[in-house]
Peer 1: 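For reference, the structure I am asking about is given below.
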Amino acid sequence: MWLTLVLLAVLLLAGLRRVYRGLFGGRSPNPFSEDVKRPPAPLVTDKQARKKVLKQGVTPSHSTFAMHAVLVNHYIQGAYYPRGGSSEIAFHTIPVIQRAGGAVLTKATVQSVLLDSAGKACGVTVKKGQELVNIYCPVVVSSAGLFNTYERLLPESARCLPGVKQQLGMVRPGLATLSVFICLRGTKEDLGLQSTNYYVYFDMDMDKAMERYTSMPREKAVEHIPFVFIASPSTKDPTWEDRFPDRSTMIVLLPMAFEWFEEWQEDPKGKRGTDYETLKNSFIEASMSVVMKLFPQLEGKVESVIGGSPLTNQFYLAAPRGATYGADHDLSRLHPRAMALMRAQSPVPNLYLSGQDIFTCGLLGALQGALLCSSAILKRNLYSDLKDLGSRIQAQKKQQ
């Protein structure tokens, strides 16, 4: 834990000066200020109801400065993108697992964590077709997140453990999102696309804007979207044009209140009815309106548009309440006591946690979670090992 805090502190100090310049060096005008309809007063007046809805997302007043500083510093020098797309991560990891004597199973959904008579994790039950198969092992590692692991995969007897209940009481699911996937005709040069992430804000006060947005009825919310995220994955992949000539992609992410889609969560995928499709399509159309205003050169170049709601996230990513980033990284989650208790060692002996819920959200947060988990299992500081490995590699380069 102390090493984690040290790493965060180093990143914070390294980027603090640049963060201050980025935050207070000037403000860009809102490109949509003339067309934005000012949100009305919250339609949900009950304070407790509004508070419950608001906690699905993290607005500035609910976020720590340290987290924001680390995030900004991470992006100052740009971001990384895997050659060939995100699937390459799995393709290159699987052979390493197999060479070590392991196996990677697909289409074998984990149903539960197995416990022995002493209450220790001793394996998992997976579903193969319609058959349940028990796989036994001395250590179980779950990267499914706190909610899936504790509320879905643990037997009922273990869910009542004080440590499990304590950790679940400290966190809640993060922000739900709706994704819009756009296929475009033309190369990035033809379409004038950049490998840039765009955060488009429609209001200067995000706390109030998000409160109004998530508190209003779903039919009205589409007119008051507070912000969108836009990126073009195809521009970031140097192998894209060789694999998909004369095509480009774009993705748009919108914040969502899971409650707007909750009534359809028990319905099968693809059979949620016209009301669901109408609601989802209204947000897709609003997203496309923003895209066309920002990128007018894309007019007539759109080949297809597909949207995924928070329920889509639940189905394909097993993301509770559509929260793709797992547990909300708000002030409560980042409190020192919560950080100390939320560690790789779970309250169930031989069950370890990995992924973004025990460190921070996102790919790099998940990687750090894996390092912490591996260190706990091996009882070895892998950060020190990586530092030593890096020093040896640098020394070898100098000798060449």
Side-chain angles (χ1 to χ4, degrees), residues 1-14 64 66-71 73-74 80 89-90 92-93 96-97 100 102 110 113 120-121 124 137-151 153-154 158 161 163-164 166-174 317-320 323-391:
M1 178 60 202
W2 286 111
L3 181 58
T4 299
L5 294 177
V6 170
L7 288 172
L8 289 174
V10 170
L11 286 171
L12 173 60
L13 292 173
T64 67
M67 173 65 82
H68 180 70
V70 168
L71 181 64
N73 182 69
H74 165 69
Y80 295 97
I89 298 174
H92 284 79
T93 304
V96 177
I97 296 172
V110 177
V113 175
K120 297 180 180 180
V124 295
C137 53
V139 171
V140 177
V141 178
S142 174
S143 61
L146 286 171
F147 302 105
N148 281 329
T149 303
Y150 288 163
E151 296 179 338
L153 300 180
L154 280 184
L161 291 173
V164 170
Q166 181 184 38
Q167 289 188 21
L168 285 175
M170 297 174 123
V171 294
R172 52 184 166 267
L317 305 177
T324 54
Y325 281 122
D328 206 355
H329 285 70
D330 57 3
L331 293 174
S332 299
R333 167 68 180 85
L334 297 174
H335 189 276
R337 186 166 182 268
M339 293 292 289
L341 290 173
M342 218 74 65
R343 55 180 64 225
Q345 299 95 327
S346 81
V348 178
N350 297 340
L351 173 63
Y352 291 82
L353 304 175
S354 181
Q356 56 188 4
D357 278 1
I358 66 166
F359 193 82
T360 59
C361 56
L363 175 61
L364 289 182
L367 289 174
Q368 299 293 330
L371 278 170
L372 291 174
C373 181
S374 301
S375 295
I377 294 172
L378 297 174
K379 295 180 173 57
R380 183 182 181 91
N381 190 334
L382 296 185
Y383 284 95
S384 295
D385 291 349
L386 285 175
K387 182 180 178 182
D388 294 340
L389 177 61
S391 298

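What's counted below: heavy atoms across the whole structure, side chains too, no hydrogens, waters or symmetry copies.
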Peer 1: Does any non-hydrogen side-chain atom of Pro138 lie less than 4.5 Å from one of Asn350?
Peer 2: no
Peer 1: Does OH in Tyr352 sit with more than 12 non-hydrogen atoms of other residues, nucleotides or ligands closer than 6.0 Å?
Peer 2: yes
Peer 1: Which pair of heavy atoms, one from His329 and one from Thr360, lies closest together, and at what distance?
Peer 2: NE2-CA, 3.2 Å
Peer 1: Are Phe147 and Val171 packed together at the side-chain level, in the sense that at least one heavy-atom pair is separated by less than 4.5 angstrom?
Peer 2: yes
Peer 1: Check whether any side-chain heavy atom of Asp328 lies under 4.5 Å from a side-chain heavy atom of Arg333, and answer yes or no.
Peer 2: no
Peer 1: Which residues pass the side chain to side chain donor-acceptor pair (under 3.5 Å) test with Gln356, not counting sequence neighbours?
Peer 2: none
Peer 1: Just one of Leu353, Val140, Leu154 clears the side chain to side chain contact (heavy atoms under 4.5 Å, CB included) bar with Val348, so which one?
Peer 2: Leu154
Peer 1: So Arg337 and Met170, do their side chains get closer than 4.5 Å, heavy atoms only?
Peer 2: yes
Peer 1: Roughly how far apart are Ile358 CD1 and Gln368 CD, rounded to 0.5 Å?
Peer 2: 10.5 Å
Peer 1: Are the side chains of Asp357 and Thr149 in contact, using a 4.5 Å heavy-atom criterion?
Peer 2: no
Peer 1: So which atom in Ser354 and which in Ala370 form the shortest heavy-atom distance, rounded to 0.1 Å?
Peer 2: OG-CA, 3.4 Å
Peer 1: Just how far is it from atom CE of Met339 to atom CZ of Phe359, taken to the nearest 0.5 Å?
Peer 2: 6.5 Å
Peer 1: Verify side chain to side chain contact (heavy atoms under 4.5 Å, CB included) between Leu331 and Thr64, making sure each step is shown before the conclusion.
Peer 2: CA-CA 6 Å; Leu331 293 174; Thr64 67; 3.4 Å; yes
Peer 1: For the atom pair CD1 (Ile89) and CG (Leu367), what is the distance rounded to the nearest 0.5 Å?
Peer 2: 7.5 Å
Peer 1: Which pair of non-hydrogen atoms, one from Tyr150 and one from Ser346, has the smallest distance, and what is that distance?
Peer 2: OH-CB, 3.7 Å
Peer 1: Distance check, rounded to the nearest 0.5 Å: Cys373 atom SG versus Gln345 atom CD?
Peer 2: 8.5 Å
Peer 1: Hey, could you give me the CG/CG distance between Asn381 and Leu372, rounded to the nearest 0.5 Å?
Peer 2: 9.5 Å
Peer 1: Can you name the closest pair of heavy atoms from Leu146 and Met342 and give their distance?
Peer 2: CD1-SD, 3.5 Å
